[in-house]
Every structure is written in structure tokens, then in C-alpha cells.
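Structure first, commentary second.
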Amino acid sequence: RGIILLVSKGDFDGKRTGGHRAPSTFKQIQGQVRNNRGIFLKLAACMAFLIALQSVMPYLTKSVIDVGVNTGDRSQLLLILLSQAAILLGMMTFRMFNSRLSLYANTHVNISIVSGFLEKLTKLPMSFFENQMCGDMIERIHDHSKIEDFIVNQLVGMLHAVVSALVYGVLLFSYDYMCFLCFLTGGILTFLWSCFTIEKKKVVNHELFKQGVANNSVTYQLITGMQEAKLQGSTKRRCEEWCTTKRKYYKALMSSLSLS
């Protein structure tokens, strides 16, 4: 008689999970944008109106000096100031409407992403949950907030920044060529810094996820095992373990901030 070692593929393999591999992050983002295109079109419309109103403000400010102050025409100055007040009121209204749309989009996208993840969890075999920690599952659910934040906030914010840079670049170029060169140099340096640190950000994000899993696991064990810890007199050691994992998570956050 002998011993045979049988090796099988992991539970995340397509054959063990219904024959379908998990879609890539890009496909998830593309699907969420397609499913919620009505909301994103409204956000884009609000962004366009805000940029249009913001682009008018420098001309009105210039007119306050050129027309109102230099000529001493109080009626013209009052008209310009009222126009500025109306534009500021309009910008406040669009920002309020934009914040409500962003909140609705955040909630809708979050429910869609997390519910899809939970539905996939229910289709996994029992052996998968025997090898996975509760903290890992919780951190994976929390990690979906990065996709939600990218879709709703960063994607729209990036589009707003690009359009604003183009509009203000044209305004600066028409005002002063040297100011435009300084503005362009700053934009290029920011882009190069983002390209240079993208690989390091991947490493830091993996470390953040790892420390987040450890922190969730220790917290879960501390809460659920409080009675056992009291009986064994190990409450102080458990609390020190939690503080240690929290410090490691803080260091990972500091590393992430240093690259942003």
C-alpha cells in the first residue's frame, strides 16, 4: 500500500465556480457606466454648466476694474456685481444638484457592485469558506468602494479637471503667454509624477488590502471571543494585537498618501 497526493485547482478556477472567470475591473467599470449612463449624463451636464459659469467669472472680475473703477460708472459697476452674484448663485445651485446626483449614483453603484459580489459568494462551494477568514471577506466588500469611488467621483472629477484645464489654458494663453507656459509645465509634471508612481501605488494598495484584512480579522476575533479572552485573562494581549495591526495599517496609509 502507498499514499497518493491528489492536487486540484483552487476554488476561484472557472471549473469550480460555474465555468466563468471573474470579469476584469475595466469591464466592471464599463458595465456600471453603461447601466447608469442616465445619471452620468446628468452629472456631465452639471459639470458643463459649472465650467461655463466659472469661465465667465474672470472676465467679470476684469470688467470691475476696467469698466467700473477706471471709468467711475457706478451703474455699470452695479450691473457687473449683480451679474457676479447671479453667477455665484447659479454655481451654488448646480453644485447642490450635483452633490445629490453624486449621492444617488454612489448608493446605486455600491448596491449593484456589492450585491453582485455577494451573489457570486453564494455560488461558491462549501470548501471555499473553510479556508477563508471573515476579515478577508469584509475587506473585499470594503474594497469595492474603490471601484465605486473611481466610477462616481474620480472619473467625473478627472473629466472635469481635463475640461477645466483646457478652458483655463485658453484663457491664460489669451491673457499672458508666460502664465500659460507655467500652467502647462505644472500640468506636465503632475502627469509624469502619476505615471512614475503608478507601479508603486499598486504595491501600496496590495499592502493596504493585506493590513485591512488583518485588522478586520483581529477586530472580529476580539469581539466574538471576548468571553473566552476574559476567562483566559488574555484581554490585554488581544488589545495589544489590535493596536499593532492598526499601526501597520496606519503606516500603509501614510505610504499611500506620500505617493498621492
Flag yes if more than 12 heavy atoms outside Phe183 fall under 6.0 Å of its CZ atom; otherwise flag no.
-> yes
So, are Arg237 and Glu240 salt-bridged, with charged N and O less than 4.0 Å apart?
-> no
Would you find a donor on one side and an acceptor on the other, under 3.5 Å apart, between the side chain of Asn98 and the backbone of Phe94?
-> no
Transitive ILVMFWY side-chain link Ile188 to Leu181, under 4.5 Å | yes
Side chain to side chain, Phe180 and Val170, heavy atoms closer than 4.5 Å | no
Report whether Leu50 and Leu41 are members of the same hydrophobic cluster (ILVMFWY, side-chain heavy atoms less than 4.5 Å apart, transitive linking).
-> no
Validation row: Leu88, Met57 side chains within 4.5 angstrom (heavy atoms) = yes
Just how far is it from atom CD1 of Ile198 to atom CZ of Phe196, taken to the nearest 0.5 Å?
-> 12.5 Å
Could you grab the distance from atom CG of Leu78 to atom OG of Ser83, nearest 0.5 Å is fine?
-> 9.0 Å
Using a 4.5 Å cut-off on heavy atoms from C-beta on, say whether the side chain of Val218 contacts that of Lys246.
-> no
Could you go step by step and tell me if Arg247 and Cys243 meet the side-chain contact (heavy atoms from CB on, under 4.5 Å) rule?
-> CA-CA 6 Å; Arg247 292 190 190 99; Cys243 292; 3.9 Å; yes
Report the C-alpha separation of Gln54 and Ile87 in whole Å, then their side-chain angles, then the decisive distance to 0.1 Å, and conclude whether the side-chain contact (heavy atoms from CB on, under 4.5 Å) test is met.
-> CA-CA 8 Å; Gln54 289 175 352; Ile87 290 176; over 6 Å; no
hydrophobic_cluster_shared for Leu53 and Leu89, side chain cutoff 4.5 Å | no
Ser55 to Val167 - nearest heavy-atom pair and separation | CB-CG1, 3.7 Å
For Leu208 and Ala252, the nearest pair of non-hydrogen atoms, with its separation, is CD2-CB, 3.6 Å
Are Leu60 and Phe49 in one and the same hydrophobic cluster, where Ile, Leu, Val, Met, Phe, Trp and Tyr link if side-chain heavy atoms are under 4.5 Å apart?
-> yes
What's the spacing between Thr61 OG1 and Gln84 CD if we round to 0.5 Å?
-> 4.5 Å
If two hydrophobic side chains count as joined below 4.5 Å and joins carry through other members, does Val56 share a cluster with Leu81?
-> yes
Look up atom SG in Cys46 and atom CD1 in Ile51, then write down how far apart they are to the nearest 0.5 Å.
-> 11.5 Å
Drop me the distance from Gln211's CD to Tyr250's OH, to the nearest 0.5 angstrom.
-> 14.5 Å
Value for OG1 (Thr245) from NZ (Lys210), rounded to nearest 0.5 Å, stands at 13.0 Å
